[in-house]
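Just follow the structure's listing: the first ligand is 1, and inside any ligand the first atom is 1. Heavy atoms only: backbone and side chains are in, while hydrogens, waters and symmetry mates are out.
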Amino acid sequence: MLSVNKVFNKSFELFKDIKTSINLGDIKPLSFKAVDTYLTCPRKYNFSYLQTIVGEASDTKTSASQNSGMVLYKVVTNVLKESYKSGSLCSLENMLSVYDRLWVSAVFNNPADASACYEEGKNIISKFYEKNSSLKERVAELPSWKNKNVKVPALEVKANADIGGVKIIERIDRIMSLPDGSYEVIVYKLSSAWGLQSRAASLYTAAKKLFPSRKISVVFYLLRENMKLSVDLKKEAIRQFEENVKSVATGIARKEFAPVKGQWCSFCSFRASCSVWKGFIPDKTRMRLSFSKFNMYLTCPRQYRLVYVDKIRLKPHSFFSLGTSVHEAFEKFYTYDGIMTKPSLRALLSMLKESWKSEGYEEDGVSEREYYKRAVDMLTSYYKSFVAGVAYKKAYRIEEYFELQVGEKALFTGFIDRIDELDGGKYEIIDYKTEPTWPNERIMEDHKLQLAIYWLACKEGHITSTPPVKLSLFFLNFDKKITFDIIGNGSGAVSGIDISRIISENIKLVDETVEKIRASEILYKKGSSPDEVFMPRQNDYCHNCDFKMDCPLFII
Ligand code: SF4
Ligand code: SF4
């Protein structure tokens with residue numbers, strides 16, 4: 001059923017937008033970093049680019065190590081710029097003498113760090129020379145900004161482009177003219193690159209403005225790895241980048257600077273000034289643990305080592321994709337802002353379709369179609385049992401990020417699926433489970449611990465104005481909701497989850513686990529046998545483990 005008020009409000013908003021018609025050209029030119037910062041957290045963009053708040057250094061240890069990386073990066077990239085000034089790479093002797101001239105050891109806290117950093121830089125330059133000295137390519141040329149008739153080498157080029165009336169600025173380290181006449185746009189990075197497609201789209205757009213008729217390719221030069229990473233730039237990435245620029249510029253013009261909490265808050269220099277954390281700055285010596293990270297170590301230390309120490313990405317799997325798709329559909333459903341007073345079952349199923357992830361089915365040898373049908377069945381039953389007969393209400397919070405200090409050594413981080421505001425200003429925490437089997441007693445205890453941590457996070461982090469009164473699990477495959485009351489905290493309940501008991505029973509385990517992980521990591525880095533310090537532990541999930549094929553305990 002349509003609400004007349006909602007229809008009117010929507011039309012009025014649209015009218016207001018047309019009336020005020022934002023002039024995106026008035027926005028300050030946007031760098032890629034500015035766009036990325038806004039997309040991550042608009043409040044951080046506001047702090048970084050529009051306000052005069054000076055970011056607080058996170059802690060001396062981090063800032064010293066960030067500085068050493070930054071010094072190394074700046075010196076090495078400046079050496080490379082100087083080395084290409086004649087059009088092609090100069091000799092190694094010249095490069096190293098420029099390096100010595102530019103090197104600054106004064107910024108380091110101690111001479112040992114300075115010396116290690118200096119040696120690393122020298123090594124990077126020598127290896128770079130070895131790999132690039134014989135290449136048959138030259139630096140492209142551009143008209144000088146001082147005198148258009150004079151050509152200068154395209155080194156450290158500042159390029160501007162225009163996307164839908166929004167000015168963007170890019171900085172390209174080097175543009176090379178390749179033997180086939182095309183141009184290669186190069187950006188140096190100290191180590192492995194992130195957000196490749198998006199940054200490449202930005203660089204490509206800027207370079208095309210400079211050289212409209214040239215074929216352009218984009219390359220990230222990873223200095224530590226001494227390798228070129230050529231980006232296979234997709235049209236979709238360019239389109240997405242343009243969309244992002246326009247939506248960021250619109251948000252800035254409308255002064256939309258809402259904070260968005262996430263893992264990135266740990267590295268945000270404005271955290272102490274940010275309203276969402278209410279002054280909470282976690283102790284940085286604590287180990288960050290998500291619930292799944294903690295559980296993975298307890299289930300199998302070997303698997304933990306491969307994922308969290310060696311950082312081997314887990315392969316896509318049908319069960320991950322199904323879970324993510326269903327969670328995303330619920331996220332859309334419970335943040336619905338359309339004109340219906342209650343989104344229909346059809347709307348929920350079309351949200352599922354939009355959110356569907358296709359990865360992992362082929363790899364697992366299962367039918368994606370069957371899983372999709374299973375997801376449709378789960379959501380249909382859910383809708384009939386828990387939505388159809390009651391009034392629709394948007395969630396109070398969805399995928400709420402939290403950080404919680406547990407015991408002496410751990411900082412638990414994670415996302416709460418959903419928090420509902422109930423009548424009378426009370427709150428309920430909700431977690432969805434999509435597993436195909438009913439949990440045994442041990443797994444149910446894990447679920448209770450997880451809910452207890454969520455409850456504490458809401459209370460300690462002031463996510464809800466009063467601590468939640470209900471903790472609920474939806475077992476979607478069984479069309480079942482289990483709700484626990486809170487024992488203690490003045491609730492008067494005699495059954496449910498006793499938060500103080502469950503936390504105090506587990507604090508020791510959490511602290512001991514952190515200690516064990518840290519000790520194992522030290523031994524592993526010193527060269528001890530990986531499977532001796534992070535021992536494999538056979539468990540119910542071995543058949544789904546990505547590392548089973550070379551695991552000493554796995555039996556086919
Ligand atoms: S602390 Fe987090 S939410 Fe606050 S401004 Fe920084 S990134 Fe945004
Ligand atoms: S197969 Fe089992 S024991 Fe081996 S690493 Fe994987 S989870 Fe651990």
Chemist: Give the atom numbers and elements of ligand 1 that come within less than 4.0 Å of a heavy atom of Cys41.
Modeler: 3 (S), 5 (S), 7 (S), 8 (Fe)

Chemist: Heavy-atom pairs closer than 4.0 Å: do any link ligand 2 to the side chain of Thr299, the backbone, both, or neither?
Modeler: neither

Chemist: Using a strict cut-off of 4.0 Å, indicate which atoms of ligand 2 neighbour a heavy atom of Cys542.
Modeler: 1 (S), 2 (Fe), 3 (S), 7 (S)

Chemist: Taking 4.0 angstrom as the limit, do Glu354 and Lys332 come out as a salt bridge?
Modeler: yes

Chemist: Taking Lys373 first and then Glu370, would you say they form a salt bridge - that is, a charged N and a carboxylate O separated by under 4.0 Å?
Modeler: no

Chemist: Checking side-chain contact (heavy atoms from CB on, under 4.5 Å) against Pro439, which of Glu445, Met444, Lys433 comes through?
Modeler: Met444

Chemist: Classify the contact between Lys548 and ligand 2 as side chain, backbone, both or neither, using a heavy-atom distance cut-off of under 4.0 Å.
Modeler: both

Chemist: Which atoms of ligand 1 are found less than 4.0 Å from any heavy atom of Trp277?
Modeler: 1 (S), 2 (Fe)

Chemist: Is it true that Phe270 lies under 4.0 Å from ligand 1, counting heavy atoms only?
Modeler: no

Chemist: What protein heavy atom sits nearest atom 4 (Fe) of ligand 2, and how far away is it?
Modeler: Cys551 SG, 2.3 Å

Chemist: At less than 2.8 Å, would any N/O/S atom of Cys300, backbone or side chain, sit next to atom 8 (Fe) of ligand 2?
Modeler: yes

Chemist: What are the atoms of ligand 1, with element, lying closer than 4.0 Å to any heavy atom of Trp264?
Modeler: 7 (S)

Chemist: Heavy atoms only, cut-off 4.0 Å: how does Val260 contact ligand 1, side chain, backbone, both, or neither?
Modeler: backbone

Chemist: Select the closest option to atom 6 (Fe) of ligand 1 among Cys265, Ala258, Pro42, Cys268, judged by heavy-atom distance.
Modeler: Cys268

Chemist: Between Tyr371 and Arg374, is there a cation-pi geometry (under 6.0 Å to ring centre, at most 45° from the normal)?
Modeler: yes

Chemist: Can a salt bridge be assigned to the pair Glu170 and Arg199 using a cut-off of 4.0 Å between side-chain N and carboxylate O?
Modeler: yes

Chemist: Check each atom of ligand 1 against the heavy atoms of Val276 and keep those under 4.0 Å away; list them by number with element.
Modeler: 3 (S)

Chemist: Within the 4.0 Å heavy-atom shell around Cys274, which atoms of ligand 1 are there?
Modeler: 1 (S), 3 (S), 4 (Fe), 5 (S)

Chemist: Would Arg302 and Asp550 pass as an ion pair if we require N to O under 4.0 Å?
Modeler: yes

Chemist: At a 4.0 Å threshold, what atoms of ligand 2 neighbour a non-hydrogen atom of Cys545?
Modeler: 1 (S), 5 (S), 6 (Fe), 7 (S)

Chemist: Just jot down the ligand 1 atoms closer than 4.0 angstrom to any heavy atom of Arg43, in number order.
Modeler: 5 (S)

